[in-house]
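The structure appears below as structure tokens.
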Amino acid sequence: MPEKSRATVDLRSDTVTRPSAEMRRVIAEAEVGDAVLGDDPTVAELERYAAELLGKESALFFPSGIMANQVAIMLHAPPGTEVVIDALGHILNYEEAAAPALAGVQLRSVVTTSGLLTAAEVAAAIRPTSPYLPRTSLLALENTHNAAGGRVLAIEEMRRVVEVAREHGLAVHLDGARLPNAAAAAGRPMAEWSVLADTVMVSLSKGLGAPVGSVLAGSAEAMERGWRLRRRLGGGMRQAGLLAAAGLYALQRNLERLAADHRRAATLAQAADRLPGLSAEAPQTNIVMIDLDDDAPATGAVLDRLEASGVRMTAFGARRIRAVTHLDVDDEGIARAIAALEKASC
Ligand SMILES: Cc1ncc(COP(=O)(O)O)c(C=O)c1O
């Protein structure tokens with residue numbers, strides 16, 4: 001059996017990818033300097049390239065998406081104000097309550113019908129001006145939406161939602177950790193979404209396959225303030241060109257291939273949906289949510305059986321399993337995952 005087919009098919013997240021030989025070569029050859037002193041040409045090039053790609057004046061390289069999201073909140077939402085976000089949002093659920101703990105803001109969680117905020121839902125969540133109510137300062141959007149199964153917030157819908165926010169004087173931040181996937185799915189450039197927001201965060205370490213990092217893009221003035229906030233949080237990295245080189249390579253080389261991840265996710269979902277005891281909606285991007293019927297085995301047992309077959313997925317709720325495709329899983333890996341699911345679910 002060739003080595004690759006014996007390797008674990010790891011579908012827990014698109015963050016599990018390992019740098020390719022070519023990416024490692026680019027890392028090894030990167031020109032570096034002290035980025036905190038402004039001396040790292042590779043960091044500067046990544047930030048310039050990302051800003052241009054996202055249609056923004058300026059960008060900053062961050063060690064993580066969470067740090068970039070939190071700096072965005074600090075930029076737009078003064079302590080004691082309120083941020084409107086959907087109830088399943090990453091910033092609300094998976095960032096260690098950083099927004100209230102670090103930025104001092106209150107998150108106003110909106111339960112949505114589809115997982116994505118609509119203009120009417122945003123309008124209803126914005127507080128009227130009153131001395132007795134907190135001021136709403138920011139709308140936080142997420143695209144693609146992780147917990148909603150990688151759903152794409154369409155440009156036209158984002159335009160409607162942002163219009164409502166603007167009418168009420170709110171700033172808008174887009175958590176675009178997987179905006180590259182949204183762009184690939186819609187066949188539109190990322191900038192068409194990001195120009196609608198004041199700031200946008202894009203992860204380099206998810207579907208794009210870099211080992212570390214995210215970029216935050218916005219106006220030159222916001223990024224100047226963001227530079228200080230990043231440093232306040234301990235995100236001033238020195239010879240970070242080693243990491244930026246991987247991020248630049250990822251942005252330049254790995255955007256096009258995301259469509260293959262989406263095709264594989266669709267194949268996996270379709271096969272899972274046909275298996276007794278399982279159901280799966282057709283995914284829009286690279287995240288597949290598989291629901292276990294009442295007569296299927298316990299979620300933990302299904303995951304253990306998958307693991308025994310060399311396939312990894314994660315629990316996402318009591319009776320839901322998540323599988324995420326990425327550049328380290330090929331067609332054969334998907335075939336193995338389907339065969340393992342068939343064995344594990346009966
Ligand atoms: C939608 C979304 N936003 C933000 C993040 C945080 O990124 P990081 O893990 O780089 O901090 C993630 C990570 O999974 C995510 O899915």
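Both counts, for ligands and for their atoms, begin at 1 and track the order of listing. Treat the numbers as computed from the prediction; the structure is a model and nothing was measured.
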For ligand 1, does Ser64 get within less than 4.0 Å through its side chain, its backbone, both, or neither, judged by non-hydrogen atoms?
both
Quick one: does ligand 1 sit under 4.0 Å from the side chain of Ile91, the backbone, both or neither, non-hydrogen atoms only?
neither
Does any part of the side chain of [Y], heavy atoms only, come nearer than 4.5 Å to the side chain of [X], both counted from C-beta?
X	Y	result
Ile73	Gln70	yes
Arg322	Ser13	yes
Leu341	Leu268	yes
Leu204	Leu251	yes
Asp291	Arg319	no

Where is the nearest protein heavy atom to [atom]: which residue, which atom, and how far?
atom	answer
atom 9 (O) of ligand 1	Lys206 NZ, 3.8 Å
atom 16 (O) of ligand 1	Arg178 NH1, 2.8 Å
atom 1 (C) of ligand 1	Glu142 OE2, 3.3 Å
atom 3 (N) of ligand 1	Asp175 OD2, 2.7 Å

Pick, from Gly65, Ser205, Gly150, Ser203, the option with the minimum heavy-atom distance to atom 8 (P) of ligand 1.
Gly65
Measure from atom 12 (C) of ligand 1 to every heavy atom in Met201, Gln70, His90 and give the option owning the shortest one.
His90
Within the 4.0 Å heavy-atom shell around [X], which atoms of ligand 1 are there?
X	value
Glu95	4 (C)
Ala177	1 (C), 2 (C), 3 (N), 15 (C)
Ile66	6 (C), 7 (O), 8 (P), 11 (O)

Should His145 be listed as contacting ligand 1, given a heavy-atom distance under 4.0 Å as the test?
no
Ligand 1 contact by Met67, heavy-atom criterion under 4.0 angstrom:
no
Check each of Leu139, Leu196, Val172 against Val161 using the side-chain contact (heavy atoms from CB on, under 4.5 Å) test, and report the only one that passes.
Leu139
Identified side-chain contact (heavy atoms from CB on, under 4.5 Å) counterpart of Asn181 within the set Leu255, Leu208, Thr144:
Thr144
Is it the case that over 12 heavy atoms from other parts of the model lie below 6.0 angstrom from the CD atom of Glu167?
yes
Should we count CD of Gln252 as having more than 12 external heavy atoms under 6.0 Å?
yes
